[in-house]
Amino acid sequence: MPESPVKPSWRAPWRMWLQPAHTRDRHAVIPTVHGTYTLFREPGPRLSSDAKAEAWERWQFLLGEETVLQIDDAAPPWQLIRTRLRRGVRGRLDGVPFTARAAGRSLLPGRRGIRFTLDDGRTLSFTAHAFHLRLVRETGSGGEVLARTRAGGWETDRLDRGELALLCFITASGVDQLLRSPLHEVF
């Protein structure tokens, strides 16, 4: 499997990165084998008191001028986006609606994961294993490992542009920390 460094080559200044989005702005640029993904954040639909308090945002990953991944009810990075994922978020991946939910902060790797359930029947799951993380595509007939970490970087095999956009979201937003052992935060 070829190694693909999926990390931003440019990210907004730290202060801007951590604040809630008030206007549509570019927040990260991530070069990949499919081209350069650009993350735009803008205020999302804040119709409820929870949405206002949590500063819901719309995150869009563009490949060129085309939106590949859009998350409608995201939140500012790090802790707030992690909280939103535990409660569940909705969005579109290559035009297909999905819901995503994160599970677990257990010491057992099998209990930690982020699951994207698409309306076309696919499920894309980021799972934790003893020494690495995996991206698995699950269909009715079984699961296939698409990508995994090794020595801090992701090795990718047959990712399409939507699956690569999900990988960009996971790494750029810091959500991959949900998959790591809680002991990493202590030591």
Side-chain angles (χ1 to χ4, degrees), residues 4-102 114-120 122-126 133 135 137 146-147 153-154 156 159-179:
S4 174
V6 182
K7 53 179 130 178
S9 63
W10 177 85
R11 184 177 283 168
W14 199 244
R15 186 173 180 178
M16 181 180 173
W17 177 252
L18 294 177
Q19 290 180 348
H22 298 292
T23 60
R24 179 180 165 88
D25 278 323
R26 182 176 68 139
H27 279 77
V29 175
I30 307 158
T32 67
V33 294
H34 286 287
T36 300
Y37 286 86
T38 306
L39 166 62
F40 283 92
R41 290 173 40 201
E42 64 186 25
R46 298 178 183 172
L47 305 175
S48 67
S49 59
D50 285 342
K52 289 178 185 175
E54 294 174 0
W56 286 8
E57 299 179 353
R58 178 172 290 123
W59 287 34
Q60 294 177 323
F61 283 85
L62 278 65
L63 183 58
E65 297 295 320
E66 187 177 0
T67 300
V68 178
L69 172 64
Q70 176 174 312
I71 301 172
D72 296 321
D73 48 1
W78 304 112
Q79 194 58 39
L80 291 175
I81 188 71
R82 294 177 199 168
T83 302
R84 286 293 310 135
L85 266 173
R86 284 190 190 107
R87 294 181 185 159
V89 296
R90 293 171 286 112
R92 298 178 89 65
L93 180 64
D94 265 340
V96 179
F98 71 83
T99 56
R101 185 172 297 274
I114 303 170
R115 195 175 177 90
F116 293 83
T117 307
L118 284 76
D119 285 359
D120 66 1
R122 290 182 298 162
T123 301
L124 299 168
S125 300
F126 288 88
L133 307 177
L135 169 58
R137 180 192 305 139
L146 299 174
W154 282 90
T156 59
L159 291 182
D160 66 20
R161 66 189 201 133
E163 294 159 348
L164 192 54
L166 278 180
L167 187 56
C168 288
F169 164 68
I170 294 294
T171 57
S173 65
V175 172
D176 57 345
Q177 295 303 313
L178 286 172
L179 302 171

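The figures that follow rest on heavy atoms only: side chains count, while hydrogens, waters and symmetry mates do not. This is a predicted model, so every value here is computed, not measured.
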Chemist: How far does CG of L39 sit from CD1 of I30, to the nearest 0.5 angstrom?
Modeler: 6.5 Å
Chemist: Would you please test V175 and F126 for side-chain contact (heavy atoms from CB on, under 4.5 Å) and show each step?
Modeler: CA-CA 10 Å; V175 172; F126 288 88; over 6 Å; no
Chemist: Can a donor-acceptor pair be found, under 3.5 Å and without considering hydrogens, that links the side chain of R41 to the backbone of W17?
Modeler: yes
Chemist: Is there side-chain contact between R115 and T123, with heavy atoms separated by less than 4.5 Å?
Modeler: yes
Chemist: Locate the shortest heavy-atom distance separating T32 from C168; write the atom from each residue and the value.
Modeler: CG2-SG, 3.9 Å
Chemist: For the CH2 atom of W56 and the CG atom of D72, what is their distance to the nearest 0.5 Å?
Modeler: 10.0 Å
Chemist: Quick one: list whatever passes side-chain contact (heavy atoms from CB on, under 4.5 Å) with R26, sequence neighbours left out.
Modeler: W10, V29, T38, F40
Chemist: So which atom in P20 and which in E57 form the shortest heavy-atom distance, rounded to 0.1 Å?
Modeler: CA-OE2, 3.2 Å
Chemist: Would you confirm whether Q19, through its side chain, and M16, through its main-chain N or O, come within 3.5 Å as a donor-acceptor pair?
Modeler: no
Chemist: Under a 4.5 Å cut-off applied to non-hydrogen side-chain atoms, are V68 and L62 in contact?
Modeler: no
Chemist: Taking all non-hydrogen atoms of both residues, which atom of A75 and which atom of E54 are closest, and how far apart?
Modeler: CB-O, 4.0 Å
Chemist: Test L133 against I170 for side-chain contact (heavy atoms from CB on, under 4.5 Å), laying out the working first.
Modeler: CA-CA 11 Å; L133 307 177; I170 294 294; over 6 Å; no
Chemist: Give a yes-or-no answer on whether the side chains of T23 and D25 include a donor-acceptor pair shorter than 3.5 Å.
Modeler: yes
Chemist: Output the distance between atom CG (L166) and atom CZ (F116), rounded to the nearest 0.5 Å.
Modeler: 5.0 Å
Chemist: Would the distance check show the side chain of R11 and the main-chain N or O of A172 forming a donor-acceptor pair, the cut-off being under 3.5 Å?
Modeler: yes
Chemist: In terms of ring plane angle, is the pair F169 and W59 parallel, tilted or perpendicular, where the classes change at 30° and 60°?
Modeler: perpendicular
Chemist: Quick check for you: to the nearest 0.5 Å, what is the distance between W154 atom CH2 and L135 atom CG?
Modeler: 6.5 Å
Chemist: Compare every heavy atom of R92 with every heavy atom of P97, then report the nearest pair and how far apart it is.
Modeler: CG-NH1, 3.3 Å
Chemist: Between the main-chain N or O of A165 and the side-chain N or O of H34, is there a donor-acceptor pair closer than 3.5 Å?
Modeler: no
Chemist: When L93 is tested against each of L118, I71, D119 for side-chain contact (heavy atoms from CB on, under 4.5 Å), which residue passes?
Modeler: L118
Chemist: Run the numbers on Q79 and T83 for side-chain contact (heavy atoms from CB on, under 4.5 Å), then give the verdict.
Modeler: CA-CA 6 Å; Q79 194 58 39; T83 302; 3.9 Å; yes
Chemist: Decide side-chain contact (heavy atoms from CB on, under 4.5 Å) for Y37 and L164; before the verdict, give the C-alpha distance in whole Å, the side-chain angles of both, and the deciding distance to 0.1 Å.
Modeler: CA-CA 9 Å; Y37 286 86; L164 192 54; 3.9 Å; yes
Chemist: Quick one: NE2 on H27 to CD on E42, what's the gap to the nearest 0.5 Å?
Modeler: 11.0 Å
Chemist: Salt bridge (charged side-chain N to carboxylate O under 4.0 Å, His left out) for R90 and D73? Distances and angles first, verdict last.
Modeler: CA-CA 6 Å; R90 293 171 286 112; D73 48 1; 3.4 Å; yes
Chemist: Can you tell me how far CG of D94 sits from OG1 of T67, rounded to the nearest 0.5 angstrom?
Modeler: 10.0 Å
Chemist: Kindly say whether V6 contributes a backbone atom to a donor-acceptor pair with the side chain of T171 at under 3.5 angstrom?
Modeler: yes
